[in-house]
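What follows is a set of notes on a single structure, which appears directly below.
Counting starts at 1 for both ligands and their atoms, following the listed order.
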Amino acid sequence: MSKTSTSIADLRKSYERAELSEDASQADPLKQFEQWLNEAISSEVPEPNAMTLATVGADLRPSTRVVLIKGLDERGIVWYTNYDSRKGRELAGNPFAALQFHWVELERVVRIEGVVEKVSDEESDAYFHSRPLDSRIGAWASPQSEVIGGRAVLVANAARYGAQFMLQPPRPPHWGGYRLKPEQWQFWQGRKSRLHDRLRYRQDDTGLWVRERLAP
Ligand SMILES: Cc1cc2nc3c(=O)[nH]c(=O)nc-3n(C[C@H](O)[C@H](O)[C@H](O)COP(=O)(O)O)c2cc1C
């Protein structure tokens with residue numbers, strides 16, 4: 001084994017910051033999530049709003065990437081992207097996805113699984129027009145997930161669309177939001193000696209959330 005891989009195998013950390021119990025957790029997973037997200041924001045962890053999004057392609061192979069959460073309510077969790085991107089194409093073929101937040105400093109992970117749909121055009125328009133101008137031009141300039149000949153392509157596209165739309169770029173038809181409606185949530189809190197706390201919420205037949213502890 002090389003020196004580097006030996007030292008990777010020796011990396012270990014004891015998780016001792018907090019605990020997550022059945023009694024102290026919220027009955028509603030959305031409330032539990034809002035509490036943890038707010039704690040991540042107030043603790044000033046880096047990019048508390050970054051989440052990993054997993055989708056599955058027509059070849060049944062999963063893929064992941066990081067996106068930013070932009071909305072959250074009882075309807076689900078929202079992010080924005082290019083509908084023609086790899087993730088967009090995969091969601092068009094298979095609308096099931098998984099999200100994961102990892103707040104390293106808090107020793108916390110949240111996993112969310114569910115079905116995904118596009119948000120309304122009005123919702124995408126409202127968010128698009130709240131973005132800084134360079135981000136709005138960027139949505140036009142980047143044929144996300146396509147092979148391009150070099151960075152110069154992006155710079156030239158940005159200049160072209162900037163000149164075309166000036167200060168008022170419309171929302172590109174290929175750009176907008178998705179909303180994942182959670183069917184299952186998992187909250188993981190690191191604990192000592194690898195005896196971590198894991199609570200899963202799933203809906204029963206009547207739509208009520210059932211909280212269960214999973215072995216870590
Ligand atoms: C912190 C962070 C936040 C990101 N947020 C977004 C986002 O909100 N939307 C998006 O389309 N890409 C975002 N990206 C870029 C994606 O991770 C990814 O490169 C891109 O969406 C293309 O993914 P795909 O080819 O699998 O569709 C972000 C990347 C990072 C590192």
Side-chain angles (χ1 to χ4, degrees), residues 33-34 36-73 75-155 157-158 161-162 165 169-182:
F33 179 70
E34 283 174 334
W36 274 22
L37 180 61
N38 286 333
E39 286 173 15
I41 293 167
S42 59
S43 311
E44 300 187 357
V45 309
E47 309 219 50
N49 52 342
M51 54 187 185
T52 298
L53 161 68
T55 56
V56 175
D59 55 4
L60 303 184
R61 293 182 183 223
S63 63
T64 66
R65 75 287 294 152
V66 178
V67 294
L68 296 179
I69 182 172
K70 290 294 173 183
L72 168 70
D73 60 23
R75 294 170 300 167
I77 291 179
V78 173
W79 66 93
Y80 288 88
T81 191
N82 185 315
Y83 289 140
D84 295 335
S85 65
R86 177 174 178 184
K87 68 183 102 44
R89 282 183 271 119
E90 294 191 348
L91 287 169
N94 175 8
F96 298 97
L99 297 169
Q100 176 167 284
F101 291 82
H102 185 189
W103 297 305
V104 177
E105 292 80 353
L106 300 180
E107 302 170 352
R108 286 177 174 169
V109 174
V110 179
R111 296 163 55 171
I112 312 159
E113 294 167 30
V115 63
V116 178
E117 59 180 24
K118 288 182 180 173
V119 306
S120 68
D121 285 343
E122 294 72 28
E123 218 174 325
S124 288
D125 283 340
Y127 175 65
F128 183 78
H129 291 293
S130 76
R131 303 177 84 212
L133 180 61
D134 61 342
S135 305
R136 281 179 278 151
I137 294 293
W140 283 97
S142 169
Q144 194 175 63
S145 317
E146 303 281 313
V147 174
I148 52 174
R151 193 173 169 78
V153 173
L154 295 178
V155 176
N157 282 351
Y161 287 112
F165 296 127
R171 177 172 62 89
H174 58 258
W175 193 96
Y178 286 104
R179 175 176 282 112
L180 179 141
K181 183 175 164 43

Return the closest protein heavy atom for atom 8 (O) of ligand 1 as residue, atom name and distance.
Leu68 N, 3.1 Å
Which protein heavy atom lies closest to atom 20 (C) of ligand 1, and at what distance to 0.1 Å?
Gln144 NE2, 3.4 Å
Option whose closest heavy atom lies nearest to atom 21 (O) of ligand 1, chosen from Lys87, Arg89, Glu146, Arg65
Lys87
If hydrogens are left out, which of Val67, Leu91, Thr81, Val66 has an atom nearest to atom 2 (C) of ligand 1, that is, the closest non-hydrogen atom?
Val66
Would you say [X]'s side chain and [Y]'s backbone share a donor-acceptor pair under 3.5 angstrom?
X: Arg136; Y: Arg171; answer: no
X: Ser85; Y: Ser145; answer: no
X: Trp175; Y: Trp140; answer: no
X: Tyr83; Y: Gly177; answer: yes
X: Ser42; Y: Asn38; answer: yes

Which ligand 1 atoms does [X] reach within 4.0 Å, using its non-hydrogen atoms?
X: Glu47; answer: 1 (C)
X: Arg86; answer: 24 (P), 25 (O), 26 (O), 27 (O)
X: Ser145; answer: 24 (P), 25 (O), 27 (O)

Pairing donors with acceptors under 3.5 angstrom, does anything connect the side chains of Thr55 and Arg89?
no
For ligand 1, does Tyr80 get within less than 4.0 Å through its side chain, its backbone, both, or neither, judged by non-hydrogen atoms?
backbone
